[in-house]
There are 2 protein chains.
Amino acid sequence: MPFKPCDKCSVSEMALCNALGCDDLKRLSELAFEQSAQKGETIINEADPASYLFNVTSGALKLYKLLPDGRRQITGFLFPGDFMGIAMNDCYAYSAEVVENCTLCRFSRPKLEKLMRDVPDLEHRLLNMVSNELVLAQEQMLLLGRKTAQEKVASFIKTLYERSLRRNPLATSVPLPMSRSDIGDYLGLTTETVSRTFSALKKNGVISIPDAGFVQINDPDELEDLSSGC
Amino acid sequence: MPFKPCDKCSVSEMALCNALGCDDLKRLSELAFEQSAQKGETIINEADPASYLFNVTSGALKLYKLLPDGRRQITGFLFPGDFMGIAMNDCYAYSAEVVENCTLCRFSRPKLEKLMRDVPDLEHRLLNMVSNELVLAQEQMLLLGRKTAQEKVASFIKTLYERSLRRNPLATSVPLPMSRSDIGDYLGLTTETVSRTFSALKKNGVISIPDAGFVQINDPDELEDLSSGC
DNA sequence: CGCACAATTGAAAGTTATCAAACGTTGTGG
DNA sequence: CCACAACGTTTGATAACTTTCAATTGTGCG
């Protein structure tokens, strides 16, 4: 096992720090400020100056944008290894709120940019992460624009399930820390429609809800089919 | 006016080539292969190996993803200065088809990656472009998930109008090279709903259609209001 | 000029949203 | 430890918006 000088971060293999040599990792870790936050806390506000870039090390967050009348679109849920803080015109493009008590690695953006000039690997890594994020955003556009309520909910559960499999290949019970209302705002549906769709999937036997905050996947193949309308 | 060694590209101030010194620009231009394509041609196919990165120099394209049953989501329209070819797992994440006869600057991905190792400014520039793209994708998620048909169409026209203003600050007539069906697949609507909404906006006097393929903006402020439901 | 295709308009149907009420869960204070 | 309040979830009935299906009109091109 290679020596890991960044003692602040237990998810470095999937984070910004990945693919850096020991020296560079050390320089990056010197910039990092560890921060923890409680459920409900707002970490960044849309349109505020984008002073920091964050890396999630534990817990979960939601990113969202608002319309003037309060309608909300959640653009993503963040889990350990994910980053946030991408900006346009030096302002955040979304707000971020904690869904599940979390810890974050915070980097000053100017300092990080300075380090990136010295360590091209770091910029390369960030480019990869942002590119992946963009591909996922396009997948989400397909969901929002063209899928039915059932396909949306099935896709959402499937994505969480696959993420969970990557961390624990034997798991069948998937954590579901966000509310129905959050899920609705992520999928472009109302709370009620999300709830009804969960009920329908339970009735079909595709999923069960053993405990609040978890989904159990009984029929992964059927879930897959439902998620793209096969 | 600075010397521009990349004679292939008339939009370099907004493209990949921007912010490069003369030497680096020369090295980049040596990698570029100029290519032109006719309306209807498919330039890249979703899930094909991502061998190239493209920069649009003239014309227009659409990027799209398909569901198994043929439902289509257009994830973006590309105009001069835009790039395409971002990938995940070394495969394209979308297909690209020409909307209006276009010219492209094509870069071999491995060669470009090699050059990026030598020229960090280039990678920096690409990171900026991808980051902006991500912000726009999140804005589109808000549109797809939470806006009404009228808000969607008004937002779409407004975005085209603003892009057109940037190129020609006095223009009130905006080119609209894509079909109603393309617009529908971009906004998560049917052709019929798009057409009906255009008719309603004409009736209100917000827009006119002087010639096929163009929209004239009569009331930019009202358009702005309609686009976010004020 | 006429054919093929795109755009528009109309009528009916369907999916999802809205409004409303009941049920569960969680956390707190008596 | 229980009771209650507050909040989130579920379920039902109705309404609205958008889609679907169908027909007509308009446009571009051979």
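As a basis for the values below, the full set of heavy atoms in this structure was taken, side chains included, without hydrogen atoms, waters or symmetry mates.
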Identify whether the distance between the nearest side-chain nitrogen and carboxylate oxygen of B:Lys39 and B:Glu100 falls below 4.0 Å.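 Salt bridge: no.
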When you check the gap from the basic side-chain N to the acidic O, do B:Asp185 and B:Arg180 get nearer than 4.0 Å? no
Value in whole Å for how far the [atom2] atom of [N] lies from [atom1] of [X]:
| X | N | atom1 | atom2 | result |
| --- | --- | --- | --- | --- |
| B:Lys203 | C:dT8 | NZ | P | 14 Å |
| A:Leu189 | C:dT15 | CG | C1' | 11 Å |
| A:Lys147 | C:dT16 | NZ | P | 14 Å |
| A:Glu151 | C:dT16 | CD | C1' | 14 Å |
| A:Gln150 | C:dA17 | CD | P | 14 Å |
| B:Lys39 | C:dC5 | NZ | C1' | 11 Å |
| B:Leu144 | D:dC17 | CG | P | 20 Å |

Is any side-chain heavy atom of A:Pro220 closer than 4.5 Å to a side-chain heavy atom of A:Glu162? no
At a cut-off of 3.5 Å, list every protein nitrogen or oxygen paired with a nitrogen or oxygen from nucleotides 24-30 of chain D, distance to 0.1 Å.
none

Would you kindly say whether B:Ser155 and B:Lys147 are connected by a side-chain donor-acceptor distance under 3.5 Å?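 Checked: B:Ser155/B:Lys147 side chains pair up, N/O donor to acceptor below 3.5 Å.
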Is a side-chain donor-acceptor pair under 3.5 Å present for A:Asn101 with A:Ser36?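 There is no such pair (donor and acceptor under 3.5 Å, judged by atom type) between the side chains of A:Ser36 and A:Asn101.
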Applying salt bridge (Lys or Arg N to Asp or Glu O under 4.0 Å) to A:Glu224 and not counting sequence neighbours gives A:Lys158
Under the salt bridge (Lys or Arg N to Asp or Glu O under 4.0 Å) rule, collect the residues that match up with A:Lys152, sequence neighbours excluded. none
Are A:Phe156 and A:Tyr186 close enough that their ring centers fall under 6.0 Å?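 Under 6.0 Å, so yes.
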Using a cut-off of under 3.5 Å, enumerate the N/O to N/O pairs linking the protein to nucleotides 7-13 of chain D.
from, atom 1, to, atom 2, distance (Å)
D:dT9, OP1, A:Arg180, N, 3.2
D:dT9, OP2, A:Arg180, N, 3.3
D:dT10, OP1, A:Arg180, NH2, 3.4
D:dT10, OP2, A:Arg180, NE, 2.7
D:dT10, OP2, A:Ser195, OG, 2.9
D:dT10, O5', A:Ser195, OG, 3.1
D:dT11, OP2, A:Ser199, OG, 2.3
D:dG12, N7, A:Arg196, NH1, 2.8
D:dG12, O6, A:Arg196, NH2, 3.1
D:dA13, N6, A:Arg196, NH2, 3.4

Describe, as an angle rounded to 10 degrees, how the axis at the first end of the helix from C:dC1-D:dG30 to C:dG30-D:dC1 is tilted relative to the axis at the last end, five pairs per end.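 Here the local axes at opposite ends form an angle of 40°.
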Over all strands shown, is A:Gly188 touching base, sugar-phosphate only, or nothing at heavy-atom distances under 4.0 angstrom? sugar-phosphate
So what does B:Gly184 touch, heavy atoms closer than 4.0 Å: a base, only the sugar-phosphate, or nothing?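 Touches nothing.
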What residues in residues 60-78 of chain A put a non-hydrogen atom under 4.0 Å from any atom of DNA chain C?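 When residues 60-78 of chain A is checked for heavy atoms under 4.0 Å from DNA chain C, there are no hits whatsoever.
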Donor-acceptor contact present, side-chain A:Tyr64 to main-chain A:Gly76, <3.5 Å: no
